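Data first, discussion second: the structure below is written as structure tokens.
None of these values were measured; they are calculated from a predicted model. Counting from 1, the numbers follow the sequence of the chain as shown.
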Amino acid sequence: MAEELTVGRLVNTHGIRGEIKILSHTDFPDVRFAPGKKLLVIPADGSPKFEVIVESAREHKGMFIAKLKGYTNINQIEKYKGSLLKVPGDDLVELPENEYYFHHIVGCEVYTDEDGSKPLGTITDILQPGANDVWVVKPAKGQDILIPVINDVVLDVDIAAKKITVHLMEGLLP
């Protein structure tokens, strides 16, 4: 089975009728918390995970207030505060062309357009400082290389082969 993806955290109860506040960890909360959607609850206390079904959800002050099927009062849901909400790793929302999930990019080998035979390094992290993402590339030796994710630099992304080809503009290498 594919690795599970975290889509939110149960942070608090809301009212006395079993609703719960969810801090979203997804770019697609309207999809993930839609009525009828199945989610896995990973309890904070280490007890076994279990599946729930979203009955209803709405956005409220930067969070989502959700009603889960079968939970009708605060006492039933309160014990799950702090728990993670996950979905199966293969339950991905389709992205537009030239957009990728972080977990698809991290671990890819980076090659340059000048010397495509030996890798520049492996992507270990993705930074989001502002206008565009920045890939952190760990070379075999030396300090990390920061690659801005812009069209002039990123030439080709092959997720299946875990291979990315970049054009190193002047000043990118340390």
Show, in sequence, the C-alpha distance, side-chain angles and deciding distance for Glu51 and Lys69, and conclude whether the salt bridge (Lys or Arg N to Asp or Glu O under 4.0 Å) test is met.
CA-CA 11 Å; Glu51 192 173 86; Lys69 284 190 179 174; over 6 Å; no
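- Contact check on Glu55 versus Lys37 returns no salt bridge, with no Lys/Arg side-chain nitrogen under 4.0 Å from an Asp/Glu carboxylate oxygen.
- Summarising the geometry of Asp144 relative to Lys138, their closest heavy-atom pair is OD1-CD, 3.0 Å, with the distance given to 0.1 Å.
- Here the side chain of Arg9 pairs a donor or acceptor atom with the backbone of Gly82 at under 3.5 angstrom.
- The pair Lys163-Asp158 does not meet the salt-bridge criterion, since no charged nitrogen lies less than 4.0 angstrom from a carboxylate oxygen.
- Scanning all heavy atoms of the two residues, the minimum distance from Val54 to Ala34 falls at CB-O, 3.5 Å.
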Yes or no on side-chain hydrogen bond (donor to acceptor under 3.5 Å, both in side chains) for Glu78 and Thr13, after CA distance, side-chain angles and deciding distance?
CA-CA 6 Å; Glu78 189 171 32; Thr13 56; 5.1 Å; no
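- With hydrogens and angles ignored, the 3.5 Å screen pairs no side-chain donor or acceptor of Thr165 with any backbone N or O of Leu155.
- Between Tyr101 and His103, the angle of the ring planes lies from 30° to 60°, which puts this pair in the tilted group.
- Contact annotation: the side chain of Ile147 approaches that of Leu168 to within less than 4.5 Å [non-hydrogen atoms, C-beta and beyond].
- Shown here is Asn151, whose CG atom has no more than 12 heavy atoms of other residues, nucleotides or ligands within 6.0 Å.
- A centroid separation of less than 6.0 Å is found between the aromatic rings of Tyr80 and Phe50.
- Considering all non-hydrogen atoms of both residues, Gly142 and Pro139 come closest at O-CG, 4.0 Å.
- At least one side-chain heavy atom of Ile164 sits less than 4.5 Å from a side-chain heavy atom of Ile105.
- Side-chain atoms of Thr26 come within 3.5 Å of backbone N or O of Phe28 as a donor-acceptor pair.
- Within the 3.5 Å criterion, the main-chain N or O of Gly15 finds no donor-acceptor partner in the side chain of Glu19.
- Between Val134 and Pro129, some side-chain heavy-atom pair lies under the 4.5 Å cut-off.
- Few gaps surround NZ on Lys162; more than 12 heavy atoms of other groups in view lie less than 6.0 Å from it.
- Remark: Arg17 CZ is loosely packed, at most 12 non-hydrogen atoms of other residues, nucleotides or ligands lying under 6.0 Å away.
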